[in-house]
Amino acid sequence: MWSFGKSWRWAISEMDMSILVFNGFLLLGFVVASVPDVLVLGSPGSTQLVNGDTPMKKCRYNRAYSMLEASCSNLELHDIPTNLKADIQVLDVTVNRLRELTNDSLTSYKSLAYIYLGDNFIQNIEEGAFAKQKYLEVLDLSQNGCDTLPKSLFQLPYLRTLYLGYNKLTDSVFKMEVTSPIQMLQLTRNKLTKIPYIGPQPTLVSLNVSENLITSVDTEDLAPFCSLKLLDLSRNIIKFNSAANGCECEMLNAWVKLHQIKMKPIFFNCTNSNIITEECTNLQFSNRTYELYNQCSSIIQQKVETEKARSVWILVVTCVSGFLFIVFTVLCCVHKRNRRRRRKQKEQQQLAANNANTELLNSNLTTGNS
Ligand SMILES: *[C@@H]1O[C@H](CO)[C@@H](O)[C@H](O)[C@H]1NC(C)=O
Ligand SMILES: *[C@@H]1O[C@H](CO)[C@@H](O)[C@H](O)[C@H]1NC(C)=O
Ligand SMILES: *[C@@H]1O[C@H](CO)[C@@H](O)[C@H](O)[C@H]1NC(C)=O
Ligand SMILES: *[C@@H]1O[C@H](CO)[C@@H](O)[C@H](O)[C@H]1NC(C)=O
């Protein structure tokens with residue numbers, strides 16, 4: 001059942017609405033039938049009867065991979081319920097009627113790692129809405145009306161996956177450094193006109209900017225993503241400007257090939273550019289491209305070295321403490337043995353003295369008797 005729930009959730013952005021709604025009902029029906037005793041009121045006083053006597057506006061609790069999940073999908077909610085168990089780690093409020101996320105929307109919950117808010121009408125998100133979600137790893141805001149996002153979102157320490165597809169995001173959303181360890185950034189069908197410049201991103205593996213308004217791409221746009229393996233640029237209106245830097249198109253293809261990035265489209269057809277292709281055989285990436293790439297790689301290098309230094313340090317500490325323990329144990333044993341030996345010696349001496357006394361006494365007695 002969990003795997004069904006998971007795949008259903010992961011596939012949200014790929015599915016069309018009717019399938020989603022159908023699956024939602026199916027899942028709801030299944031869970032309600034199998035675990036009727038874990039029902040909880042999502043928003044108090046708003047219970048509504050649909051299909052005879054099936055109560056609809058209730059969130060359910062699930063255990064998904066040992067995490068506590070509150071599942072509130074498809075309940076016609078206008079706000080995120082604030083009376084759920086405080087220690088939920090997964091919150092699913094997909095397919096509802098949310099319009100706004102305020103600073104207080106999520107303050108009841110401090111342990112959230114996964115938040116799914118896809119397929120709502122969210123347009124406005126206040127700056128502090130996610131600021132306290134310090135354990136947040138995955139956020140789904142796809143299929144909403146967002147044209148901007150809070151800056152603090154991109155500073156969360158564990159955030160690694162962002163589903164932001166099917167919104168109205170513009171270039172200005174990304175006018176800053178992203179410091180979260182983002183691995184996956186899904187930005188399909190927004191209003192971007194260029195690849196977001198968000199500083200070096202050593203963890204970013206997958207970037208999907210298909211169906212945007214991107215008009216140009218060059219190697220300097222991709223260089224800050226030194227771990228990138230998947231790039232979807234399809235369904236944009238990319239034109240390579242041959243006037244400024246003749247071989248942009250060839251260079252991009254070469255860069256993608258060199259770094260083994262799986263790109264969509266697989267490559268750009270450069271025969272349309274005004275420059276004759278032969279001129280672009282001896283390609284030299286710009287110094288800025290190398291600079292950006294090296295900036296990103298050096299962060300990885302640094303991390304590796306810190307990790308190495310740490311493990312060496314741990315090894316040293318472990319060895320030293322092991323050695324000290326052995327020395328201590330040996331000293332203890334020696335000390336104990338010495339004490340035992342000394343005690344024995346003392347006893348023997350005492351015994352000898354006693355014997356001597358007895359003998360003396362005996363001899364005295366004998367002399368007295370005779
Ligand atoms: C929300 O929080 C941010 C800071 O996190 C603050 O600047 C803003 O004024 C708050 N908005 C409201 C409506 O309280
Ligand atoms: C990018 O996202 C779109 C829409 O979800 C999807 O169809 C496409 O397969 C994605 N691209 C890659 C390379 O995964
Ligand atoms: C590239 O585009 C040109 C002109 O549009 C076309 O003739 C050629 O077949 C294309 N090349 C490839 C490899 O698709
Ligand atoms: C790029 O760097 C090389 C070597 O460091 C230098 O010779 C060259 O002039 C630089 N090119 C530009 C355009 O700055």
Side-chain angles (χ1 to χ4, degrees), residues 7-17 19-20 79-80 94 99-107 110 116 118-119 122-134 136 138 140-144 148-156 161-167 169 176 182-192 195-196 204-214 217-220 222-223 225 227-236 238 244-248 251 256 259-268 282-295:
S7 62
W8 163 72
R9 203 180 312 100
W10 281 98
I12 283 163
S13 55
E14 328 285 338
M15 281 187 186
D16 84 44
M17 177 84 174
I19 297 174
L20 200 70
D79 295 295
I80 293 176
T94 53
R99 277 164 203 286
E100 187 187 34
L101 298 180
T102 66
N103 284 353
D104 298 327
S105 291
L106 290 163
T107 43
K110 305 264 188 302
Y116 299 98
D119 207 342
I122 301 167
Q123 282 190 351
N124 184 35
I125 303 178
E126 281 181 7
E127 179 55 37
F130 297 104
K132 301 238 170 71
Q133 300 302 323
K134 58 182 172 193
L136 186 60
V138 176
D140 179 4
L141 277 169
S142 53
Q143 299 189 64
N144 278 286
T148 177
L149 292 170
K151 304 252 178 287
S152 57
L153 175 62
F154 299 101
Q155 318 302 325
L156 294 177
T161 301
L162 267 173
Y163 295 101
L164 301 172
Y166 305 91
N167 276 285
L169 300 173
M176 65 172 146
I182 296 285
Q183 293 171 16
M184 204 266 225
L185 191 50
Q186 160 61 289
L187 282 162
T188 296
R189 201 180 295 175
N190 277 284
K191 295 183 187 260
L192 303 176
I195 304 250
L204 188 65
V205 174
S206 169
L207 176 64
N208 194 335
V209 285
S210 61
E211 297 185 59
N212 275 275
L213 309 170
I214 296 174
V217 185
D218 63 37
T219 54
E220 289 173 20
L222 300 183
F225 311 144
S227 302
L228 194 66
K229 285 288 160 259
L230 209 64
L231 172 65
D232 196 336
L233 281 168
S234 59
R235 302 178 76 175
N236 280 288
I238 296 166
N245 188 351
C247 303
E248 255 180 24
M251 287 224 262
V256 164
H259 294 283
Q260 298 176 327
I261 299 168
K262 203 167 153 239
M263 187 169 72
K264 213 169 153 189
I266 294 168
F267 61 91
F268 287 99
N282 261 336
L283 291 173
Q284 183 65 45
F285 300 119
S286 69
N287 286 1
R288 179 77 184 138
T289 300
Y290 285 119
E291 196 183 306
L292 290 167
Y293 185 80
N294 291 341
Q295 216 175 6

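Numbering of ligands and ligand atoms starts at 1, following listing order.
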4.0 Å heavy-atom contact, Arg189 with ligand 2 =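 It does not, in that no heavy atom of Arg189 comes within the 4.0 Å cut-off of ligand 2.
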Would you please determine whether Tyr166 falls within less than 4.0 Å of ligand 2 on a heavy-atom basis?
->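 So Tyr166 counts as touching ligand 2.
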Has [X] got a side-chain atom pairing as donor or acceptor with [Y]'s backbone, closer than 3.5 angstrom?
X: Asp218; Y: Glu248; result: no
X: Asn236; Y: Val209; result: yes
X: Asn144; Y: Asn167; result: no
X: Lys229; Y: His259; result: yes
X: Asn294; Y: Leu292; result: no

Student check: side-chain heavy atoms of Leu149 and Leu164 closer than 4.5 Å |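 Result yes, sub-4.5 Å side-chain heavy-atom pair found.
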Within a strict 4.5 Å, meaning less than it, do heavy atoms of the Tyr163 and Met184 side chains meet?
->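 Side-chain contact under 4.5 Å: yes.
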Going by the atom numbers of ligand 2, which of them fall below 4.0 Å from some non-hydrogen atom of [X]?
X: Asn208; value: 1 (C), 2 (O), 3 (C), 8 (C), 10 (C), 11 (N), 12 (C)
X: Thr188; value: 1 (C), 2 (O), 3 (C), 4 (C)
X: Asp232; value: 1 (C), 8 (C), 10 (C), 11 (N), 12 (C), 13 (C)

Give the atoms of ligand 4, by number and element, whose distance to some non-hydrogen atom of Asn287 is under 4.0 Å.
->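 Listed by number with element, the hits are 1 (C), 2 (O), 3 (C), 8 (C), 10 (C), 11 (N), 12 (C), 14 (O).
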Other residues, nucleotides, ligands: >12 heavy atoms within 6.0 Å of Lys151 NZ |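 Atom NZ in Lys151 is crowded, with more than 12 foreign heavy atoms closer than 6.0 Å.
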Side chain to side chain contact (heavy atoms under 4.5 Å, CB included) with Glu100: which residues, sequence neighbours excluded?
->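 In terms of side chain to side chain contact (heavy atoms under 4.5 Å, CB included), with neighbours along the sequence ignored, Glu100 is linked to Thr102, Asn124, Glu126.
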Could you name the protein residues that come within less than 4.0 Å of ligand 1, counting only heavy atoms, and order them by chain and residue number?
->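 Answer by chain and number: Asn103, Glu126, Gly128.
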